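In this text, all values refer to a predicted model and were calculated from it rather than measured experimentally.
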Amino acid sequence: MAKVVLKNVSKVYANNVVAVNNVNIEIADKEFLILVGPSGCGKSTTLRMVAGLEELSGGEIRIDDVLVNDVPPKDRDIAMVFQNYALYPHMTVFENMAFGLKLRKYPKEEIKQRVYEAANILGIQELLNRRPKELSGGQRQRVAVGRAIVRKPKVFLFDEPLSNLDAKLRVQMRAEISKLHTRLQATMIYVTHDQLEAMTMGDRIAVMKDGYVQQIADPITLYEKPVNKFVAGFIGTPAMNFMEGTLNKKRTGIYFNEENFEIKLPDHFAPQVESHVGKEVILGIRPEDIHDKMDAANAGPDNTISATVEIIEPLGAEAYLYLTTGKSPFIARVSSHEQIEINQDIELVFNMQKAHIFDKETEKCLTN
C-alpha cells in the first residue's frame with residue numbers, strides 16, 4: 001500500500017469559485033482517513049483530485065512518494081467506489097468485477113482467482129452470474145467494492161458509498177467496510193457528509209468547511225477538543241448546544257452569564273479565558289453532559305440551572321428534552337425514570353468540566 005500526501009492543494013472553478021483552498025493532509029500507509037463536512041465543503045472535489053478526475057489549480061499530490069499531478073487516473077494505482085455504484089447493466093457481477101483486470105490484460109486464471117477471492121471476502125459468491133438490475137442496493141454496493149478489491153490498488157477511494165442505502169443497511173455496510181480495512185490493511189480515503197459514519201469508521205477525520213480543512217484528528221480528540229465552534233457543532237449527535245453570554249469575574253471565580261442564569265466555569269479554565277472577562281462569548285455543552293438534578297452526583301448552586309421543557313423525545317432508557325431558559329434553547333439527554341411533562345420547569349446540572357468556551361467573533365475554542 002502507500003502513503004498519500006496533499007500539499008497546498010487548491011481547486012478553483014470558473015468565475016473564481018473556490019472549491020478547495022490550500023488543503024494539507026498526510027495520509028499514512030494503511031490509514032483509514034475520513035473527509036467529512038456539509039454539502040459543498042469540497043470533500044468530494046478533494047477526493048476526485050486524488051483520483052485524477054479533477055485537475056489541480058495549485059499544490060501537489062503524491063502517492064507512494066510519486067508526484068501524480070499529471071498522471072492519468074488509470075496509472076495512479078487507485079480504485080474508486082462511487083455513490084451510484086457505476087456498474088455496467090449489461091454485464092454480470094463477475095464481468096463487472098473482472099472488467100478492469102481484462103482491460104489491463106491480466107491472465108484469465110488470475111482474473112478468476114481475484115474475482116472469487118473478492119467475492120468470498122464480501123459474501124457475494126452466489127451473485128456472480130446475476131446482472132445489476134437483479135440485485136438490491138446493498139448487493140450492488142458490495143459488487144462495486146469488490147470491483148475495487150480485485151485491483152489490489154495502492155489506495156482505495158470511497159465517495160459517499162452508503163448514501164443511497166437505507167439506515168439499517170448503512171449501519172451494516174459501515175461495519176463491513178471497517179472490517180475490510182482491517183483485513184486488507186489498505187490505505188483508504190473515505191468521503192461522507194454523515195458525521196456518525198466518520199466517527200465510527202475512521203482512524204482520523206478531516207473536517208472540512210467552505211473548502212478549508214478545519215481540523216484533522218482521531219474521533220475522540222475531535223469530540224473532546226474541537227478547535228472551533230463549527231467542528232464542535234458538526235461532531236456529535238445531537239449537536240452541541242451553544243449559548244451566548246458574557247464572562248464575569250467574581251471573588252469565587254469566573255462565571256458565564258446568560259441573563260437568565262449564571263454558571264461557574266472550572267477553575268482551570270481561568271487562565272485561558274481571563275482575556276475575555278467582560279466580553280461576549282459562546283458556551284458550548286453537549287446534551288449528554290447536561291443531567292437531571294436527581295441523577296447528578298456533582299450538583300451544586302454553581303452548576304445548576306432552571307429550564308422549561310418544550311418537547312420530550314422518549315428513547316427507551318433515555319429521553320431527549322428540548323428546553324429553554326427563556327433566551328437559549330438547548331437539548332439535554334436524561335434518563336427516562338422520572339415523570340417529566342411538557343411546560344414543566346426542571347432543574348438541570350451542567351457538567352462544566354466537559355463544557356467549552358468559544359470566542360464570539362473568531363469562533364475559536366478558548367478552553368482546549
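Remark: the N21 side chain and the S10 side chain contain no N/O donor-acceptor pair separated by less than 3.5 Å. Side-chain atoms of N24 and N8 include a donor-acceptor pair closer than 3.5 Å. Defined by atom type and a distance below 3.5 Å, a donor-acceptor pair is present between the side-chain atoms of S328 and E258. Side-chain N/O atoms of E60 and N69 include no donor and acceptor closer than 3.5 Å. D345 and T308 share a donor-acceptor pair across their side chains, judged by distance under 3.5 Å alone. There is a side-chain donor-acceptor pair under 3.5 Å between D359 and H276. When only modelled atom types and interatomic distance are considered, E160 and Y190 share no side-chain donor-acceptor pair under 3.5 Å. Side-chain contact annotation: N257 with E262, donor-acceptor N/O pair under 3.5 Å present. No side-chain donor from either of Y88 and N96 sits under 3.5 Å from a side-chain acceptor of the other.
For A217, the side chain to side chain contact (heavy atoms under 4.5 Å, CB included) criterion is met by Q215, T221, L222, not counting sequence neighbours. Applying the side chain to side chain contact (heavy atoms under 4.5 Å, CB included) criterion to R130, with sequence neighbours excluded, gives L127, E134, L135, Q139.
Residues F242 and F330 keep their aromatic ring centres 6.0 Å or farther apart.
F156 does not carry R151 over the face of its six-membered ring by the limits of under 6.0 Å from the centre and within 45° of the normal. Within the cation-pi definition used here (under 6.0 Å to the ring centroid, within 45° of the axis), K209 does not qualify as a partner of F234.
Contact annotation: the side chain of M80 approaches that of R48 to within less than 4.5 Å [non-hydrogen atoms, C-beta and beyond]. Put simply, the side chain of V143 reaches to within 4.5 Å of the side chain of L87, judged on heavy atoms.
With E31 as the fixed residue, the side chain to side chain donor-acceptor pair (under 3.5 Å) test singles out one of H181, R204, K3: R204.
Ion pair E274/K249 flagged as a salt bridge, since at least one NZ, NE, NH1 or NH2 atom sits closer than 4.0 Å to an Asp/Glu carboxylate oxygen. Between K354 and E224 there is no salt bridge, since no side-chain nitrogen of the basic residue lies less than 4.0 Å from a carboxylate oxygen of the acidic one. Salt bridge R174/E197: absent, no basic N to carboxylate O contact under 4.0 Å.
Note that CE of M199 is 13.0 Å distant from OG1 of T192, once rounded to the nearest 0.5 Å.
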E54/Y13 under side-chain hydrogen bond (donor to acceptor under 3.5 Å, both in side chains): CA gap, chis, key distance, verdict:
CA-CA 11 Å; E54 293 274 2; Y13 290 108; 3.2 Å; yes
Could you go through R142 and E176, starting from their C-alpha distance and side-chain angles, then the distance that decides it, and tell me whether this counts as salt bridge (charged side-chain N to carboxylate O under 4.0 Å, His left out)?
CA-CA 9 Å; R142 284 187 179 86; E176 290 192 15; 2.7 Å; yes
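Membership of an apolar cluster is not assigned to L196, as no side-chain contact below 4.5 Å to another ILVMFWY residue is traced.
Contact detail for I149 and A118: the closest heavy-atom pair is CG2-CB, 3.9 Å. Heavy-atom minimum distance, I331 versus Y322: CD1-CE2, 3.4 Å.
Of the possible polar contacts, one joining the N164 side chain to the Q83 backbone as a donor-acceptor pair under 3.5 Å is found.
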